[in-house]
Amino acid sequence: MAALALSGLFDLSQAYVLIAGIAGIDPAVGTIGSVVCADFAVHGGYAHELDAREIPAGWPHGFVPLGASAPGKPPELRVPGEVYRLDESLRQAASSIGAGVDLADDPAVAALRTDYAGAGAQGPALLSGSSLTTSVFWSGHQLGARATSWVNDYTDRRGRYAVTQMEDNATLVTLDRAAQAGLADLSRVAVLRADANFDRAAPGKAAESAFTQDVGWTLAAENVWRVGSRLAGEIIANWDAWQHGVPARWAGAPL
């Protein structure tokens with residue numbers, strides 16, 4: 001992204017950027033094959049950490065915001081790029097445009113989700129929620145609870161953790177710096193994450209079994225393409241309406 005923005009070969013000042021990829025999903029939010037239109041991207045790696053076997057009594061996990069004294073305390077050291085609020089008008093437009101997309105399903109995925117309950121047991125859907133970026137492919141109920149609280153804390157309770165992935169905040173930092181140089185527009189960035197696995201094992205299953213959920217990648221890639229290509233197609237086909245911002249017919253559209 002940095003090479004693209006700084007190359008001088010393209011004028012990205014009015015370009016819409018769609019970050020589309022796969023993710024792990026909280027089964028309380030949705031299931032494999034679902035597509036999440038992100039409202040926040042939160043970096044989960046800027047932290048102090050104690051091994052879970054050594055944390056003080058009463059701590060829910062070993063992750064502590066930078067400069068804080070315990071989990072749940074506000075961070076004292078703020079790092080650029082740790083939280084991004086995606087443009088709400090564009091997010092709502094993506095959600096509304098994608099609402100008419102028929103999402104694919106897969107028999108192997110359908111069989112896997114029978115081990116889950118609630119939203120995790122339902123079919124693929126278009127959802128809204130917040131995206132957590134880490135450089136670790138983590139899994140588990142305890143780390144899932146940490147993800148939920150981390151997103152809550154860093155978004156002042158405005159975001160709800162839905163998916164976890166490994167790239168969003170890095171891409172957004174690059175686009176943010178390009179925007180500061182007048183080369184891009186951060187309000188024209190949307191994030192879609194399709195879910196290739198659950199972020200924790202099913203009830204009663206071994207924790208490590210979540211790492212062997214290898215049936216959802218193709219389904220997730222297909223569905224994020226279906227939703228993303230519909231959004232891109234709308235913008236390209238109606239550029240006169242989109243050139244100066246999200247058109248009024250989509251801005252504030254009901255979810």
Counting only N and O atoms by type, is there a donor-acceptor contact under 3.5 Å from the side chain of [X] to the main-chain atoms of [Y]?
{"X": "Tyr16", "Y": "Leu231", "result": "no"}
{"X": "Gln165", "Y": "Asp168", "result": "yes"}
{"X": "Arg200", "Y": "Ser139", "result": "no"}
{"X": "Asn223", "Y": "Gly33", "result": "yes"}
{"X": "Ser149", "Y": "Arg146", "result": "yes"}
{"X": "Asp87", "Y": "Ser89", "result": "yes"}
{"X": "Thr31", "Y": "Gly123", "result": "no"}

Residues Glu222 and Arg226 bridged, charged N to O under 4.0 Å: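 Yes.
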
Evaluate the side-chain proximity of [Y] to [X]: yes if any heavy-atom separation is below 4.5 Å, no if none is.
{"X": "Val191", "Y": "Tyr84", "value": "no"}
{"X": "Leu143", "Y": "Phe63", "value": "yes"}
{"X": "Val64", "Y": "Leu50", "value": "no"}
{"X": "Ile25", "Y": "Leu127", "value": "yes"}
{"X": "Arg193", "Y": "Glu167", "value": "yes"}
{"X": "Asp106", "Y": "Ile32", "value": "no"}
{"X": "Ile97", "Y": "Trp250", "value": "yes"}
{"X": "Thr212", "Y": "Asp214", "value": "no"}

Is there a path of hydrophobic side-chain contacts, each under 4.5 Å between heavy atoms of I/L/V/M/F/W/Y residues, joining [Y] to [X]?
{"X": "Ile19", "Y": "Val36", "answer": "no"}
{"X": "Leu90", "Y": "Leu192", "answer": "yes"}
{"X": "Val224", "Y": "Leu126", "answer": "yes"}

Would you compute the distance between atom CH2 of Trp150 and atom OG1 of Thr134 and round it to the nearest 0.5 angstrom?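 Here the rounded value is 11.5 Å.
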
Interatomic spacing from CG in Leu219 to CG in Leu103 - rounded to 0.5 Å: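 Here the rounded value is 8.5 Å.
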
Who are the side chain to side chain donor-acceptor pair (under 3.5 Å) partners of Gln243, not counting sequence neighbours?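 Scan of Gln243 (side chain to side chain donor-acceptor pair (under 3.5 Å), adjacent residues dropped) gives Gln14.
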
Over 60° means perpendicular and under 30° means parallel, so classify the ring planes of Trp138 and Tyr161, tilted if in between.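 Ring orientation of Tyr161 relative to Trp138: tilted.
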
Could you tabulate the donor-acceptor pairs under 3.5 Å formed by side-chain atoms of residues 67-81, not counting sequence neighbours?
from  : atom 1 : to    : atom 2 : distance (Å)
Arg78 : NE     : Glu82 : OE2    : 2.3
Arg78 : NH2    : Glu82 : OE2    : 2.7

Start with the C-alpha gap between Arg113 and Asp105, add the side-chain angles, then the distance that decides, and say whether side chain to side chain contact (heavy atoms under 4.5 Å, CB included) holds. CA-CA 12 Å; Arg113 65 176 178 255; Asp105 202 355; 2.6 Å; yes

Return the minimal non-hydrogen interatomic distance between [X] and [Y], and the atom names on each side.
{"X": "Ser209", "Y": "Ala201", "answer": "OG-CB, 3.5 Å"}
{"X": "His244", "Y": "Arg188", "answer": "C-NH2, 3.4 Å"}
{"X": "Val83", "Y": "Tyr154", "answer": "CG2-O, 3.5 Å"}
{"X": "Asp39", "Y": "Ser130", "answer": "OD1-OG, 2.7 Å"}
{"X": "Gly228", "Y": "Leu18", "answer": "CA-CD2, 3.6 Å"}
{"X": "Ser131", "Y": "Ala38", "answer": "CB-CB, 4.3 Å"}

We want to know whether Asp199 and Thr164 form a side-chain donor-acceptor pair, criterion being a heavy-atom distance below 3.5 angstrom.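 No, Thr164 and Asp199 have no side-chain donor paired with an acceptor closer than 3.5 Å.
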
Please list, chain by chain and in numerical order, all residues satisfying ring pair (Phe, Tyr, Trp, His ring centres under 6.0 Å) with His43, sequence neighbours excluded.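 Result, ring pair (Phe, Tyr, Trp, His ring centres under 6.0 Å) vs His43: Tyr46.
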
Among Val189, Leu12, Leu4, find the residue that satisfies the side chain to side chain contact (heavy atoms under 4.5 Å, CB included) test when tested with Val17.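 By the side chain to side chain contact (heavy atoms under 4.5 Å, CB included) criterion, Val17 pairs with just one of Val189, Leu12, Leu4: Val189.
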
Atom CH2 of Trp239 with >12 non-hydrogen neighbours under 6.0 angstrom: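 Yes, CH2 of Trp239 has more than 12 neighbouring heavy atoms, counting only those of other groups under 6.0 Å.
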
